[in-house]
Amino acid sequence: MRKMILLLLLVFAVQTAQADSIPEKPVYYGGSEMEAPADALFLEDGSVLVVGSTRSTNGAFEGYMEEDHNNYAYATMFGPDGAVRWQLVHSRDYGDNAFECILPQADGTYVLPFRYGFYKDQKSGLALVQVSPEGQIMHETEVPVDKYWGCEPAGENLVIRRVGGINYLPEWNWAAENVASLECVTGDGIVLWRHTYPELKALQWEFSVTPVEDGYYLAGARDVRIDEHYMSSRGWVARLDTDGNLLWYREIETGTASLCAKVLPTGGGGLIVAGGYADDRETLNMAGMAQWMGDDGSMGHLQTYPVGRYQMFTDILPVGDDEGFLLMTSSAYCDNLSMVWIDLGGHIFYKWNQKTPAEEPMQAARLYRAGDWFAVAAMAHVDIEANPNNGDILLMPVSKP
C-alpha cells in the first residue's frame, strides 16, 4: 500500500544555521491519507506554520473529520523541536476544503484564505479566516468570487487569481480564450483593486504572482497551435504596478514549448524567470529553464538544464549576497525532486536529487527561505507496510552535498 503525504523538509544550508531553529532529528506527523501542501511560514523563533488540506481521519487528524467528507483544511504549528504547538482543522460541508496560503498580520495573528466547495466545477467559495497566535479562529470574512483559480500572498494582502472559459476533460478546448483577471484584497476582505487582462489569454491552468515593492510580476503559459496537428505551450511574463495596471507583457518566442513558473528580481534592474523549455517537437520533453530579463521586459540570455524527464524549474530563490541562485524542479510525471545551485552567470555549482531518509520520492514542491536555510514543502510517497509509523508531515535538517 502506498499513499501521498505532505513533506516539510529543511533542505539546504548555505551558511551555518542556528542549532535551535530546526529539529535535531526527523519528525513524522499526520494520518494515513493524502495531506496536500499549500504554504508554510517560518517564524523567527524557529517555529513553522504549515497549512493545506487533508483526507485523513486517523493519526494526527483522528476525531476531527467524518469519513464521508472529501478534504478538510488544516493548519499546524510546529515548535523549534518539531513538537506540535497547536492544530486547527476546518471545513464547510462536503467538498474541496483547503487553507490556500498564510497572510501574517502586524498584530501577530494569521489570515488563512479558506477555499470550500467544488474546485473543479468552479463552484468554490472563498473566506478569509483570521486565526490567533494560539490557533483559535477569531472570525471569517466572505470574499465574493467567480471562477476562482487560487490566490497568492502579498504581504498582509491577498491577490486572487481567476481564469475564465475553462473546460475540463474530456471536453477540454485547448484553444479556449481563457482570460486572466486579478483582484487584490486586504486581510479584512476590502477590495483594493480588480482588473481583467485581455492580453493574458488562452492560459494553461494557473499562473504565479510575485509581489515586489512597486508592483507585481506574473508568470505562466498559454496554449499555442504549432500546426493543424500539434498544440503546445508558450511561456509568458507580465509586469503590473501597485494598482494592478499592466505595464508590459512578454513571451518566450523560441523553442517548441516553454513554461514560465516564477519570477525572481535579482537587483540592479534584472530578473530571472524559472520554468521549462523544450526543443524536441515529437516528445516535448521539458528541461529546466532560466530566462534572464531586464525589469523593463527586455530579453536576455536563456539557459536550459537537463534535470530529468518532463521536469521543469518551479521555484527559485537567491543564495546569499552574490552567491547565485537555488532552483528546484517538481513534476507530476516524475518522482525526483532536483535541486540546482547556479552562480550569477548561470553555471552550475551543485546539482542533486533530494529524498527523505527512507528515500521516498517527492512531488509538487515549493521552496522557502528559513533564516540561513532553504526549505521545501512537498508531497511524497511512503510505503505504509514498510513504515507503519510514518506520518504525513516530516521536519528534517539536511546539509548541502
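All values derive from a computational prediction rather than experimental measurement.
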Sub-4.5 Å side-chain heavy-atom contact between [X] and [Y]:
X: Ile342; Y: Gln303; result: no
X: Asp188; Y: Leu128; result: no
X: Thr314; Y: Met328; result: yes
X: Val51; Y: Tyr74; result: no
X: Phe349; Y: Val319; result: no
X: Leu41; Y: Pro104; result: yes
X: Leu218; Y: Tyr249; result: no
X: Ile137; Y: Leu88; result: yes

Can you tell me how far apart [atom1] ([X]) and [atom2] ([Y]) are? Round to the nearest 0.5 Å.
X: Leu259; Y: Tyr277; atom1: CG; atom2: OH; value: 12.5 Å
X: Arg234; Y: Arg222; atom1: CZ; atom2: CZ; value: 5.5 Å
X: Leu103; Y: Leu158; atom1: CG; atom2: CG; value: 5.5 Å
X: Thr76; Y: Trp86; atom1: OG1; atom2: CH2; value: 7.5 Å
X: Met312; Y: Ser338; atom1: CE; atom2: OG; value: 13.0 Å
X: Leu182; Y: Glu152; atom1: CG; atom2: CD; value: 10.0 Å

Contacts of type ring pair (Phe, Tyr, Trp, His ring centres under 6.0 Å), residue [X], not counting sequence neighbours:
X: Trp193; answer: His195, Tyr216
X: Phe99; answer: Phe114
X: His301; answer: Trp292

Sequence neighbours excluded, which residues qualify as side chain to side chain donor-acceptor pair (under 3.5 Å) partners of [X]?
X: Asp243; value: none
X: Tyr110; value: none
X: Asn157; value: none

If you look only at distance, which donor and acceptor atoms sit under 3.5 Å apart when one is on a side chain in residues 261-274 and the other is two or more places apart or in another chain?
unit_1: Lys262; atom_1: NZ; unit_2: Asp315; atom_2: OD1; d: 3.0
unit_1: Thr266; atom_1: OG1; unit_2: Gly270; atom_2: O; d: 3.2

Among all residues two or more places apart in sequence or in another chain, which pass the side-chain contact (heavy atoms from CB on, under 4.5 Å) test with [X]?
X: Leu344; value: Asp322, Phe325
X: Arg250; value: Trp248, Met293, Met299
X: Asp296; value: Ser298
X: Gln136; value: Ser132

What are the two closest non-hydrogen atoms of [X] and [Y], and how far apart are they?
X: Pro153; Y: Ile102; result: CB-O, 3.8 Å
X: Ser53; Y: Asn97; result: CB-O, 3.3 Å
X: Arg85; Y: Ser47; result: NH1-OG, 2.7 Å
X: Leu126; Y: Glu142; result: O-OE1, 3.6 Å
X: Cys260; Y: Met289; result: SG-CE, 4.2 Å
X: Ala75; Y: Leu112; result: CB-CD1, 3.9 Å

Exercise for review: For side chain to side chain donor-acceptor pair (under 3.5 Å), just list the numbers for Thr109 and Asp107, CA-CA rounded to whole Å, side-chain angles, deciding distance to a tenth of an Å, and then say yes or no.
Suggested key: CA-CA 6 Å; Thr109 63; Asp107 61 1; 2.6 Å; yes
Point to revise | Pair Phe313 and Tyr305, ring centroids less than 6.0 Å apart | key: yes
Check your understanding: Considering residues at least two apart in sequence or located in another chain, which fulfil the salt bridge (Lys or Arg N to Asp or Glu O under 4.0 Å) criterion with Glu140?
Key -> Arg92
Check your understanding: Arg239 side chain to Gly297 main-chain N or O, any donor-acceptor pair under 3.5 Å?
Key -> no
